[in-house]
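These notes concern the structure reproduced below.
By convention in this document, chain letters (A, B, ...) are assigned in the order of the sequence lines, proteins followed by strands, and residues within each chain are numbered from 1.
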Amino acid sequence: MLPKEKRLRDTRDFKRVYSKGSFFSGRLLSINILENRLQISRVGVVITKKISKKAVGRNKLKRKTREAVHALYDSLPTGYDIIVNIKKEAESASVADFQKELAGLFGKVGTNEKNSFKSNKDIPENDLA
RNA sequence: UUAGUUAGUUGGACGAUUGCUCCUUCGGGAGAGGAAAGUCCGGGCACCUCAGAUAAGGAUAGUUGCGAAAGGCAACCAGCCGAAAGGCUCGGGAAAGUGCCACAGAAACAAUACCGCUUCUUAUGAAGUAAGGGUGAAAAGAGUGAGGUAAGAGCUCACAGUACUUAUCGGCGACGAUAAGUAGAGGUAAACCCUAUCCGGUGCAAAACAGGUGGGUUGCUUUGUUUGGAAGAUAUGCUUUCUUUGAGGGUAAGCUCUCGAAAAAAGUUCCUUCAAUGUAAAUCUGGCAUGAACAAAGUAAUCCUGUUGCAUAGAUAGAUGAUCGUCCUUGACAGAACCCGGCUUACAGACUAACUAAGCAU
RNA sequence: GGCGUCGUGGCCGAGUAGCUAGGCAGCGGUCUGCAAAACCGCGUACCCGGGUGCAAAUCCCGGCGACGCCU
């Protein structure tokens, strides 16, 4: 779990990222990303009722995803708002699976936005274990 | 020991590392459930628009007690299920009225009775009959035996049974037991309905406060114009609102009521008749408020943002987690969102107690 | 979080307690050199569990699922 200021918390921020940000999709997760003008990056995690009817199941997936985000946070560049969407295929995934998936997605972002998102190659290999 | 019934407990444990929310005296402390669920009832609280009546609509339905109330709980009564322990029941009224009872059947609550039985007869039928047959979920709906008859029938009698009324006894009561009398024309009210009791609506996304705000709409205030009557002269008074504080209550709790004191702000005569407008919702009554119409200006709401609404967990994109190690029986259903009391539904496995039945041993 | 509506074949959709209409799609046949169209025929359903009642898609209770509104 990230501390409060590193989370994406406002409905207007979510709307802005969804409408203006870039979208990247993987097998378990998909992300929307947009530059903000702050000194830090902020991350929000989203899961819909379609994936699991029960609140316990949704909470569990959300917590695993957050843990993966927390492990990778130091390797992210600053100044971005990121929304992570959990897909139905992620129902039985572990924290390590989410971490691998996220690293791959951030790599995709780096190749598509070459000039601004450079630090994706800094993700060390042993963090993916 | 086996099978079962009822009530209850538990719902992986320990250690290490690393995170999150709130509080803090900065040392630290607290951090999901029995159902947090479904949103099915009831209450607090908030707003709508001052009180009452009626209608409509809705809910409930054995008795007594508990409870703030409840489609609530407990015990008991009646009926049904079970061999028993025990379990289940929207359990008032069909003698207020209306409707419905498909198909089959002669007939579905209404009689001119289909086959049958008996008598008469012009041999076609007429009268009697409700035992027997047939149809159907249900057929004048009281069974068995005897008498009786042209044939039959509660037509009569005996025994058994049902319903209602009365009396006595037992019980606070629902009701039960006994005796006497009366009666013999179905079912359905989870069909309309009747009786009794209860219910205003909307839900914290209610709502309150602060700041911002282009237009439209609505309300309020001020000014101007037109249009009832009479009297009178103003402050240690009276009315309303808000704040602080004291005393005494009510409530399960949240919360709330009454009285007093201090301080502040706003307002200010009286009357009659008629009419209008407003006073939530279908109608009505009472009370209350405003004189009315038009024009202009100002202001408020509607909109945006924030805070409060808040609690011995208290978030607001929503915390209570992740990883590793050891052990065992390998861990069910499942995640608070304004608060409280219930109901209903979901729940692997393990354990405890009481009781019932059968078998075995003493 | 709160409030409300609805579940009938593969799809759409009617249905006063008494045999679940109709259309589209599918399958078989007739027709044709082969298809299409037309005609004839066939199969497949009342979301689940309990209750009332002679009888339940319908009435009552409890679940499950889908959808809409409030922001």
For [N], which nucleotide in any strand shown is its Watson-Crick or wobble partner with both distances under 3.5 Å?
| N | value |
| --- | --- |
| G232(B) | none |
| U144(B) | A158(B) |
| U323(B) | A16(B) |
| U1(B) | A358(B) |
| U329(B) | none |
| C67(C) | G4(C) |
| C351(B) | G8(B) |

**Report entry** Side-chain donor-acceptor pair present, Lys88(A), Thr48(A), cut-off under 3.5 Å
**Finding:**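 The criterion, which ignores hydrogens and geometry beyond distance, is not satisfied for Thr48(A) and Lys88(A).
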Requested in this report: May I ask you to say what Val45(A) touches in the nucleic acid, namely base, sugar-phosphate or nothing, with a heavy-atom cut-off under 4.0 Å?
Outcome: nothing
Requested in this report: Check whether any side-chain N or O of Arg7(A) sits under 4.0 Å from OP1 or OP2 of U21(B), and answer yes or no.
Outcome: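 It does, given that an N or O in the side chain of Arg7(A) lies less than 4.0 Å from OP1 or OP2 of U21(B).
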Query raised in the report: For Arg66(A) and G318(B), is the shortest distance between a side-chain N/O and OP1 or OP2 below 4.0 Å?
Result: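 Yes, such a contact exists.
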Given atom [atom1] of [X] and atom [atom2] of [N], what is their separation to the nearest angstrom?
| X | N | atom1 | atom2 | result |
| --- | --- | --- | --- | --- |
| Gln99(A) | G19(B) | CD | C1' | 14 Å |
| Lys64(A) | A322(B) | NZ | P | 8 Å |
| Asn85(A) | A317(B) | CG | C1' | 12 Å |
| Lys60(A) | C333(B) | NZ | C1' | 13 Å |
| Arg63(A) | G318(B) | CZ | C1' | 11 Å |
| Arg58(A) | G318(B) | CZ | P | 15 Å |

Can you name the atoms? Protein N/O to nucleotides 3-5 of chain C N/O, anything below 3.5 Å, with the distance.
none

Requested in this report: Could you pick out which residue, Val46(A) or Ser94(A), lies toward the 5' side of RNA chain B when each is mapped onto its nearest nucleotide?
Outcome: Val46(A)
Requested in this report: Could you measure between the two C1' atoms, the one in G184(B) and the one in U20(C), and give it in whole Å?
Outcome: 45 Å
Requested in this report: With P as the reference atom in both, quote the distance from G65(B) to U5(B) in angstrom, rounded to an integer.
Outcome: 36 Å
**Report entry** Salt-bridge criterion met for Asp97(A) and Lys64(A) (N-O under 4.0 Å)
**Finding:**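 No, no charged N to carboxylate O under 4.0 Å.
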Hey, what are the protein-to-nucleotides 34-40 of chain B N/O distances that come in under 3.5 Å?
none

